[in-house]
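Comments concern the structure below.
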Amino acid sequence: MNKISIIGTGSVGSTIAYSIAMLGMASEIVMIDINNEKALGEAMDIRQGTPFCAPCSIYAGSYEDAKDSNIVILTSGIARKPGQSRLELAQINVDITKTIIPEITKHAPNAAYIIVSNPVDILTYTFHKISGLPENQIIGSGTILDTARLRARLSEYFHISQSNVHAYVFGEHGDSSFVPWSVANISNVPVNECQSFMAINGKKTSELNLPEIEEYVRKSGGRVIACKGATFYAVSMSVCHICKCILSGIDTTMTVSTLMHGEYGIDDVCLSTLNRVGLDGVRDKVNIPLTDDELKKLHHSADTLKEVIKNLNI
């Protein structure tokens, strides 16, 4: 019996609810929104399809209805517009999050909280500073989506299953993110050596353009927004992956945003590195070795976020 509450029933929140219901991950889903009619409509629409999947009670509710939730997912806030950076949303969505935190945490103090709204690293930091909850219960979706985009791009390039691609995006979920290529591999073969070992239809693949791939990952969200107005499918699948790992109790490594305490020489900011996530939320950080250049990029990402935080009212 798993209960998941979702705050915010826009495209992202509603798609997450739909995905959770389709995957049979929860027996109870609560959809909470300041626009209760929107929450009612989304819940009804999904609920009427549940006879074709695992039994699930899904309904629009209030913060009080989130009591005993295993997981609470925050997707509320103003969505990013075409041409707008995630960090430009900062103060507006910080203010929205600050009003939500005391209302939800008093009813679901033991839940794992997954922060999805942008700018996710800033809002994850806000949640840490305001909520008073143990740190392991607070998870920013961070660069898990960027990492998925990277793996999808590399799998397309090498014409191989995404499950064979092991590569990560670190830092801010935004323009200062980067790929630590020193640990990226395809089936344990370092990415930079794959051309020597892998051929498609007997022909060697073309030279891998690492800067182009990083740019593709960083700009993917903006490109999707420009094409269709919003992003919600890939982020919803990413959030469902986090939920699955929490509920299964099997520890899994993933790039999510957590509060730093001196790891890599970085302190008092939330950004994404490799973390072990399981039944209790964030179990610990997996501090993989980085090159000097990669470490410099991680510090740049941390400094970028700290500069924004410095100018916010949290």
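Both backbone and side-chain heavy atoms feed into the values below; hydrogens, waters and symmetry mates do not.
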All salt bridge (charged side-chain N to carboxylate O under 4.0 Å, His left out) counterparts of Lys297, not counting sequence neighbours: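 Once residues adjacent in sequence are excluded, the partners of Lys297 under the salt bridge (charged side-chain N to carboxylate O under 4.0 Å, His left out) criterion are Asp293.
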
Partners of Glu215 by salt bridge (charged side-chain N to carboxylate O under 4.0 Å, His left out), sequence neighbours excluded?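 Expected list: Arg218.
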
Backbone of [Y] reached by a side-chain donor or acceptor of [X] within 3.5 Å:
X: Thr75; Y: Ile7; value: yes
X: Arg283; Y: Gly278; value: no
X: Asn93; Y: Asn118; value: yes

What residues form a side-chain hydrogen bond (donor to acceptor under 3.5 Å, both in side chains) with Gln48, not counting sequence neighbours?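 Listed in chain order: nothing, the list is empty.
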
Flag for Thr255-Thr147: side-chain donor and acceptor within less than 3.5 Å: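 Looking only at side-chain atoms, Thr255 and Thr147 do form a donor-acceptor pair, the distance falling under 3.5 Å.
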
Does a donor on one side chain sit under 3.5 Å from an acceptor on the other, for Thr258 and Asn275?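 Yes, a side-chain donor-acceptor pair sits under 3.5 Å.
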
Is [X] salt-bridged to [Y], cutoff N-O under 4.0 Å?
X: Asp68; Y: Lys3; result: no
X: Arg276; Y: Asp284; result: yes
X: Asp268; Y: Lys129; result: yes

Can you tell me how far the CD1 atom of Ile4 sits from the CD1 atom of Ile71, to the nearest 0.5 Å?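 That separation rounds to 4.5 Å.
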
What closest approach, in Å, do Ser238 and Leu145 show between heavy atoms, and which atom pair accounts for it?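 Nearest heavy atoms, Ser238 then Leu145: OG-CA, 3.7 Å.
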
Is it true that the NZ or CZ of Lys67 lies under 6.0 Å from the centre of Tyr63's six-membered ring and within 45 degrees of the ring axis?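 Here Lys67 fails the 6.0 Å and 45° test against Tyr63.
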
